[in-house]
Structures are given as structure tokens and as C-alpha cells.
Amino acid sequence: MRYRRRLRSRIILSFFLLGFGLTGLFAVATVLLREQLEDQLIGEALYENVGDYAERFYGDPEGALGLPFEKIWGIVYSKRRFGNVPFNWRDLPDGVHEITDTDDRGRTRTYKLAVKKDAEHWFFLTYDISQERTSQQQLTYALVGVVALFSLLSLVIGFWSSKRVISPVTELARRLEGLAGRERPEKLAPHFAQDEVGQLAAALDDYAERMTTLVKRDREFNSDVSHELRTPLAVIRGATELLLANPDLPEKTRQRLLRIDRAALQCTDLTTALLMLSRNERGTGHTPLLKLCQQLADAARTQLGGKPVEVHCEGDEQALVEAPEAVLSVAIGNLLGNACKYTAEGEVRLVVEAHQVRIEDTGPGLSEEDAARLFERGYRGSGAGGTVGGGIGLSIVRRLCELYGWEVSIAPRPEHGAVAILRFTQDL
């Protein structure tokens with residue numbers, strides 16, 4: 001089916017159908033017209049001759065009997081001889097009829113029979129049309145050969161024409177494939193004539209120029225923002241560490257400084273992850289998965305706001321992921337934060353396994369529609385209620401998974417709540 005949808009295939013098929021259709025219609029029209037005209041002329045001649053034959057018979061009965069013409073034989077039967085009329089002629093009405101029977105030698109013959117009957121005599125004229133039928137059959141065979149020949153010629157012309165018509169489009173596609181991965185794509189329009197393909201190439205050049213400018217501007221912005229944010233975040237973290245080193249700090253102040261430090265760390269990780277997404281490049285690193293999940297669980301406990309929710313973390317201590325800690329922190333942290341946000345009471349459990357992290361909660365659960373669309377940018381599930389957020393956290397998780405080749409899913413649990421699974425398809 002793919003071959004039939006190609007533009008060149010359509011052109012070839014169009015030429016073939018056009019040639020076959022025109023020659024086929026011409027051949028059919030020729031055969032039908034010849035047969036109709038032949039039958040009409042022979043029929044009219046026979047019917048006129050049988051009338052003349054009857055008049056000559058009444059004028060000279062002896063001279064008209066068995067009167068021969070070229071390919072025509074006339075015969076008359078009187079009333080007392082009606083029983084001698086051939087069986088297949090007896091019930092024929094006046095007019096011209098086409099008869100096919102077998103002669104004395106067993107040969108099949110076809111002839112026209114003109115019939116004229118009155119009360120005393122029946123008149124018959126026969127006209128042998130075997131040669132006409134043979135020539136008509138030969139004409140049919142010849143026309144079939146002509147149709148096949150012209151169809152083949154149309155197919156050859158279609159191949160030749162399609163190659164010339166499609167070659168600029170093929171060349172344009174080849175040059176487009178060669179532009180992949182280039183920072184500054186080469187202009188396409190100078191390589192083509194000023195025709196429809198040239199206009200398409202010029203439009204693609206303009207589109208590529210605008211997209212290149214847009215991507216460059218976006219990358220520069222993300223790089224500048226990431227670079228500029230790291231300095232103040234580093235200052236914030238340095239200041240909090242100095243303040244936390246003071247042993248005389250009140251406990252409430254210490255807790256608030258720890259919260260500031262965790263928030264600054266989250267901002268640093270998020271900045272690193274977004275920068276990698278904007279550059280479409282993977283970072284390197286070996287991150288102990290259980291240790292990172294324990295840190296994220298500790299941070300989540302401080303953000304519960306007094307809700308009766310317990311956060312537990314357990315699993316394989318040997319699990320390692322070949323990815324930067326900042327990227328994993330953003331991916332797992334968003335899934336964990338989403339579970340804590342929608343769980344009013346009960347528990348949230350992080351389970352670290354050899355090739356995945358599973359996050360289970362006892363929240364209100366979610367519908368099948370929410371499970372299918374939850375990772376779309378800006379989508380907030382039907383159970384979001386009065387919670388705040390723009391619905392982009394899980395979208396970032398999805399994009400990170402696409403970048404690193406991971407798999408992520410959220411589904412309702414059979415009992416209650418939901419389970420989110422982040423599966424690492426790369427070697428751990």
C-alpha cells in the first residue's frame with residue numbers, strides 16, 4: 001500500500017489508465033459500431049430483396065424458383081409444401097433473423113434469414129455471414145492487441161514522464177535529509193529552477209531560517225537564564241550553610257533555613273534539568289537511587305503542612321542509574337510531590353527496585369481519562385479540586401523520560417489511591 005501512495009506511482013498509474021481507457025473505449029466503440037452497421041445494412045438489403053423476390057415469383061413463378069445471388073439464396077414454399085420448411089424456420093415471423101445451425105458436413109454456419117409470408121406462399125432469403133463473423137472476430141483480436149500495445153506504451157511513457165516530473169521533488173527530499181543536524185542549514189532554492197518545486201524550496205528556506213533563529217534564541221535564553229540563576233542560588237545555599245553552622249540558632253529558625261536550603265537545591269536541580277531539555281542532550285553520572293529517594297522523602301515530609309500522611313522509602317540499596325542526580329531528583333521529586341499533594345491522609349510509599357521506582361499513595365485515585373492525559377502539558381486531573389499549580393510538573397517528567405529513554409506511567413490502584421512507576425530501560 002505504501003508504493004501506491006507514492007506520487008510517482010500515481011503518475012504512472014494515471015498514464016496507464018488513460019492509455020488503456022482511451023484505446024479500450026475506441027476498440028469497443030469500433031466493434032459495436034461495425035456490428036450494428038453491418039447488421040443494419042445486411043438486414044435492410046435482405047428485407048428489400050425478399051420483397052422483390054416475392055413480386056418476381058408472382059410475375060414468373062418458374063423463373064424465380066431457386067433464384068441465386070452472391071452469398072444469397074432464395075427459396076419459396078407453396079401452401080401444400082409448408083411441411084417441407086426447415087423446422088427452425090417455420091415459426092419465424094416476417095423480418096430478418098440471424099440463424100446458427102450445422103450443415104450436412106457438420107460445419108457450423110451463421111447466416112441471415114429474411115422471411116416474408118402470405119396465405120399461399122412463404123418466401124425465404126438466406127445470406128451467409130460466416131466470413132463477416134470471422135472477420136469481426138479477427139478485428140476483435142486485432143483491437144485487443146492494439147489496446148495492449150497502447151497501454152504498454154502509455155505505461156512506458158508514464159515511467160519516463162514520472163521520472164522527469166518527480167526527480168526535482170526527490171532531489172529536494174534528499175537535500176532536506178542532508179540538512180539534519182546542521183546549525184545553519186544550506187539554502188535549497190538556488191539548486192532548483194523557478195517553478196513550483198523552486199517555490200517550495202524557497203518556502204522551506206524561509207521556514208528553516210525562522211525556525212533556526214527561534215531555536216537559537218530559545219537555547220541562548222535557556223542557557224543565559226540557567227547560568228544567571230546558578231549564581232544567586234549558589235549564594236543562597238552558601239548563606240544558609242553559614243547560618244546553619246551557628247550552634248545558637250533557635251530551632252524554628254534552623255528549620256526555616258533548612259527549608260530554604262532544600263528549595264534552593266530543588267531550583268538548582270530543576271535549572272540543570274531544563275537546560276538539558278532545551279539543549280536536547282543527556283548528562284552523565286552514577287546516582288545511588290535509594291539514597292536519592294530517601295532525601296526526596298525527607299524533603300516531602302517537611303512540605304506536608306500538617307496533613308496526617310506518612311512518607312516511607314524502601315528498596316534495593318544497590319540500584320544505580322546512569323544519569324545526573326539533578327535529573328533524577330526532578331523526575332522522582334515531581335512524581336512524589338504529585339502523590340503527596342493529592343493524598344489527604346494515609347501514606348505515600350517509595351519502593352526502589354532494580355530497574356524502576358514505584359510511588360504508591362492512598363489518595364482519591366484517578367480516572368482512566370486522567371491516567372491517559374495526566375502527562376500532557378497544562379492538564380490537571382478532574383480530581384485537582386482547589387489545588388494550585390499549572391500542570392507542567394508531570395509534563396517535565398515526560399520530556400525527561402523521552403530524552404533518556406525511560407518509561408513513566410500513573411494508574412489507579414485496585415484498592416484505592418494511585419501508583420506511579422518510573423522505569424529505567426537503560427542499564428542500571
Side-chain angles (χ1 to χ4, degrees), residues 217-246 249 252-305 307 311 313 321 323-342 348 350 357 359 375 377-378 380 384 387-404 406 408 420 422:
R217 184 190 309 159
D218 183 61
R219 287 184 176 179
E220 290 177 351
F221 173 79
N222 289 329
S223 180
D224 293 342
V225 169
S226 300
H227 182 269
E228 295 300 326
L229 282 177
R230 286 177 179 176
T231 300
L233 289 173
V235 172
I236 293 173
R237 294 200 65 191
T240 53
E241 288 178 1
L242 288 175
L243 291 173
L244 288 171
N246 185 0
L249 281 177
K252 288 186 177 181
T253 303
R254 182 177 298 276
Q255 292 300 323
R256 289 170 181 171
L257 288 174
L258 287 173
R259 186 172 182 180
I260 292 173
D261 184 64
R262 284 192 295 267
L265 179 60
Q266 290 177 355
C267 288
T268 303
D269 293 341
L270 182 60
T271 300
T272 302
L274 292 178
L275 180 61
M276 291 180 180
L277 286 176
S278 67
R279 293 178 176 175
N280 197 31
E281 62 183 22
R282 299 180 182 180
T284 58
H286 300 275
T287 303
L289 199 53
L290 181 60
K291 180 180 178 181
L292 174 62
C293 289
Q294 289 173 344
Q295 294 174 357
L296 294 174
D298 293 338
R301 293 187 187 98
T302 63
Q303 299 175 3
L304 291 175
K307 292 193 300 183
V311 180
C313 182
V321 178
E325 181 178 331
V327 173
L328 287 167
S329 178
V330 171
I332 301 174
N334 273 311
L335 294 174
L336 178 60
N338 187 74
C340 293
K341 181 189 298 184
Y342 294 106
V348 175
L350 281 85
V357 172
I359 303 174
F375 291 96
R377 181 179 176 84
R380 300 176 72 239
T387 58
V388 296
I392 63 173
L394 295 182
S395 173
I396 294 175
V397 176
R398 175 184 58 81
R399 292 170 59 194
L400 289 173
C401 290
E402 292 174 353
L403 179 62
Y404 282 86
W406 302 335
V408 63
L422 179 60

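When reading the values below, keep in mind they use all heavy atoms of this one structure, side chains included, and skip hydrogens, waters and symmetry mates.
Shown here for V311 and C340, the closest heavy-atom pair between the two residues is CG2-SG, 4.2 Å. Here the shortest heavy-atom pairing between A331 and V397 reads O-CG2, 3.7 Å. Here the closest non-hydrogen pair linking K341 and K307 is O-NZ, 3.5 Å. Across all their heavy atoms, L296 and G333 have their closest contact at CD1-N, 3.9 Å. Between A323 and L328, the closest heavy-atom pair is O-CD1, 4.2 Å. Summarising the geometry of R282 relative to L403, their closest heavy-atom pair is NE-O, 2.7 Å, with the distance given to 0.1 Å.
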Item to complete: Output, in order, the C-alpha distance, side-chain angles, deciding distance and verdict of side-chain contact (heavy atoms from CB on, under 4.5 Å) for I396 and L400.
Response: CA-CA 6 Å; I396 294 175; L400 289 173; 4.2 Å; yes
Worksheet entry | side-chain contact (heavy atoms from CB on, under 4.5 Å) between D269 and L265, worked out | CA-CA 6 Å; D269 293 341; L265 179 60; 4.0 Å; yes
Item to complete: Under the side-chain contact (heavy atoms from CB on, under 4.5 Å) rule, what do V321 and Y404 come out as? Steps first, then yes or no, please.
Response: CA-CA 11 Å; V321 178; Y404 282 86; over 6 Å; no
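Atoms CG and CG, on L243 and L249 in that order, are 6.5 Å from each other to the nearest 0.5 Å. Atom CD of residue Q303 and atom CG of residue D298 lie 11.5 Å apart, to the nearest 0.5 angstrom. Interatomic distance, E241 CD to L257 CG, rounded to the nearest 0.5 Å: 11.0 Å. Going from atom CD1 of I260 over to atom CD of Q255 covers 12.0 Å, rounded to the nearest 0.5 Å. One distance of note links CD1 of I332 with CG of L350; it measures 7.5 Å at 0.5 Å rounding. With values rounded to the nearest 0.5 angstrom, R398 atom CZ is found 10.0 Å from L394 atom CG.
Of the candidates L335, I359, N334, L422 forms a side chain to side chain contact (heavy atoms under 4.5 Å, CB included) with just one, namely L335.
Sparse packing is recorded around NZ of K291, with 12 or fewer heavy atoms of other residues, nucleotides or ligands lying under 6.0 Å away. Other residues, nucleotides and ligands contribute only 12 or fewer heavy atoms inside 6.0 Å of the CZ atom of R256. Remark: R259 CZ is loosely packed, at most 12 non-hydrogen atoms of other residues, nucleotides or ligands lying under 6.0 Å away.
Using a 4.5 Å heavy-atom threshold, the side chains of P324 and T284 count as separate.
T240 places a side-chain N or O within 3.5 Å of a backbone atom of I236 that can act as its donor or acceptor partner.
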